[in-house]
Amino acid sequence: MERTLVLIKPDGVERGLIGRIITVFENKGLRIADMKMCKPSKAEAEEHYKEHKGKFFFQELIDYLTEDRIVAMILEGENAIELIRKVNGDKDPLKAEGASIRGKYAIDRTRNLVHASENTENVEREISIWFDCK
Ligand code: GDP
Ligand code: MG
């Protein structure tokens, strides 16, 4: 069994999509091992997205993640890391499959509702950020 870290980003909370997003994961058969809400600080957001530091969209990304509360979840299931990235869909709304969460609900390159870790190293790094935040 594999575990991964998922965030419902501020637009998902603001738009009232928490339930619909969680339903997608539950219907897929993934297990919610832990879940919480928090309001990201600038330091937490910058640590989370540190691989993108210096890119043209970085400041907009940090402003976005810190604008409101998020939902952080630890999800478990077979091949959870790869599976959930597929369920979330491509970050580019024009490439996201129609049945994916981003495909169904997102049209903006920054405000794309969900995050999921890309590999096992990031899973542990990101869990330690979000399961220590307030
Ligand atoms: P993800 O792992 O699928 O979320 O994609 P990345 O790790 O490549 O990017 C992280 C986040 O940065 C994305 O989910 C978007 O919110 C944002 N982002 C990435 N690329 C772009 C871009 O080209 N333009 C803008 N405006 N935002 C981007
Ligand atoms: Mg990423």
Side-chain angles (χ1 to χ4, degrees):
M1 207 54 83
E2 190 169 76
R3 69 175 190 164
T4 189
L5 181 281
V6 171
L7 303 179
I8 300 176
K9 300 198 272 191
D11 50 338
V13 175
E14 289 159 5
R15 289 174 57 193
L17 294 172
I18 296 171
R20 270 169 279 186
I21 291 170
I22 289 175
T23 297
V24 175
F25 297 131
E26 288 188 325
N27 284 346
K28 193 77 182 164
L30 293 151
R31 177 177 169 269
I32 301 171
D34 206 350
M35 180 162 72
K36 65 181 290 194
M37 291 189 92
C38 65
K39 170 99 165 49
S41 67
K42 188 166 177 281
E44 285 158 349
E46 287 184 350
E47 172 60 24
H48 177 78
Y49 277 131
K50 68 179 182 186
E51 66 173 301
H52 297 301
K53 200 162 186 173
K55 295 184 185 165
F56 71 93
F57 57 83
F58 187 70
Q59 192 53 51
E60 187 181 343
L61 182 57
I62 299 307
D63 290 345
Y64 159 54
L65 200 68
T66 55
E67 77 181 21
D68 209 333
R69 289 169 306 153
I70 62 165
V71 177
M73 287 179 277
I74 299 172
L75 293 184
E76 290 177 344
E78 211 169 310
N79 300 312
I81 296 175
E82 200 183 336
L83 190 75
I84 290 175
R85 287 188 58 84
K86 203 163 199 160
V87 167
N88 283 357
D90 196 281
K91 68 182 170 190
D92 180 345
L94 295 177
K95 292 192 188 135
E97 278 188 31
S100 67
I101 291 170
R102 287 166 170 173
K104 272 198 287 210
Y105 300 120
I107 57 167
D108 191 284
R109 275 170 175 264
T110 299
R111 306 176 71 82
N112 58 10
L113 297 167
V114 278
H115 164 83
S117 308
E118 285 173 39
N119 53 54
T120 47
E121 194 179 297
N122 275 354
V123 170
E124 299 313 317
R125 191 179 69 82
E126 293 169 5
I127 285 174
S128 72
I129 298 170
W130 300 114
F131 280 79
D132 284 340
C133 79
K134 298 291 177 286

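Note that this is a predicted model, so its numbers are computed, not measured. We count ligands from 1, going down the list as the structure has it; atoms in each ligand are counted the same way.
The nearest heavy-atom contact from the protein to atom 22 (C) of ligand 1 is Phe57 CD2, 3.6 Å. Among all non-hydrogen protein atoms, the one lying nearest atom 13 (C) of ligand 1 is Asn112 ND2, 3.5 Å. Remark: minimum distance from atom 3 (O) of ligand 1 to any protein heavy atom is reached at Arg102 NH1, 3.1 Å. In terms of protein heavy-atom proximity, atom 8 (O) of ligand 1 is closest to Lys91 NZ, 2.9 Å. Atom 15 (C) of ligand 1 has Arg109 O, 3.2 Å as its closest protein atom, hydrogens excluded (heavy atom only). Protein heavy atom at the shortest distance from atom 7 (O) of ligand 1 is His52 NE2, 2.9 Å. Ranking protein heavy atoms by distance to atom 12 (O) of ligand 1, first place goes to Leu61 CD2, 3.4 Å.
The backbone N or O of Ala116 sits less than 3.5 Å from a side-chain atom of Arg85, completing a donor-acceptor pair. Looking at Arg3, its side chain never comes within 3.5 Å of a backbone N or O of Ala33 through a donor-acceptor pair. Formation of a donor-acceptor pair under 3.5 Å by the Lys39 side chain with backbone atoms of Thr66 is found in this model. A donor-acceptor distance shorter than 3.5 angstrom exists from the side chain of Glu2 to the backbone of Ala80, with no hydrogens or angles considered. One N or O on the side chain of Lys36 and one on the backbone of Trp130 form a donor-acceptor pair closer than 3.5 Å. A distance-only check finds a donor-acceptor pair linking the side chain of Glu44 to the backbone of Ser41 [under 3.5 Å]. Side chain of Arg125 to main chain of His48: a donor-acceptor pair is present (N/O by atom type, distance under 3.5 Å, no hydrogens or angles).
Between Glu60 and ligand 1, not a single N/O pair is under 3.5 Å apart. The N/O atoms of Lys9, backbone and side chain alike, include one that comes under 3.5 Å of an N/O atom in ligand 1. Checking only distances, Tyr64 never comes within under 3.5 Å of ligand 1, N or O to N or O. The shortest N or O to N or O distance between His115 and ligand 1 is not below 3.5 Å. Residue Tyr49 has no N or O atom closer than 3.5 Å to an N or O atom of ligand 1. Taking only nitrogen or oxygen atoms, main chain and side chain alike, Thr110 reaches within less than 3.5 Å of ligand 1.
The contact set between ligand 1 and Glu118, taken as ligand atoms under 4.0 Å from a residue heavy atom, comprises 2 (O), 7 (O).
The heavy-atom pair separating Ser100 from Lys86 by the smallest distance is CB-O, 3.9 Å. Scanning both residues, Tyr105 and Arg15, for their nearest heavy atoms gives O-NH1, 2.9 Å. What you find for Lys104 and Ala99 is that their closest heavy atoms are CE-O, 3.9 Å.
Contact annotation: for Arg85 versus ligand 1, heavy atoms closer than 4.0 Å belong to the side chain alone.
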Test log, rule side chain to side chain contact (heavy atoms under 4.5 Å, CB included), inputs Glu26 and Ile32: CA-CA 8 Å; Glu26 288 188 325; Ile32 301 171; 3.6 Å; yes
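A donor and an acceptor atom, one from each side chain of Asp11 and Tyr64, are located under 3.5 Å apart.
For Glu82, the CD atom sits in a loose shell: 12 or fewer heavy atoms of surrounding residues, nucleotides or ligands are nearer than 6.0 Å.
Sorted by chain and number, the protein atoms of type N, O or S within less than 2.8 Å of the Mg ion (ligand 2) are Glu118 OE2.
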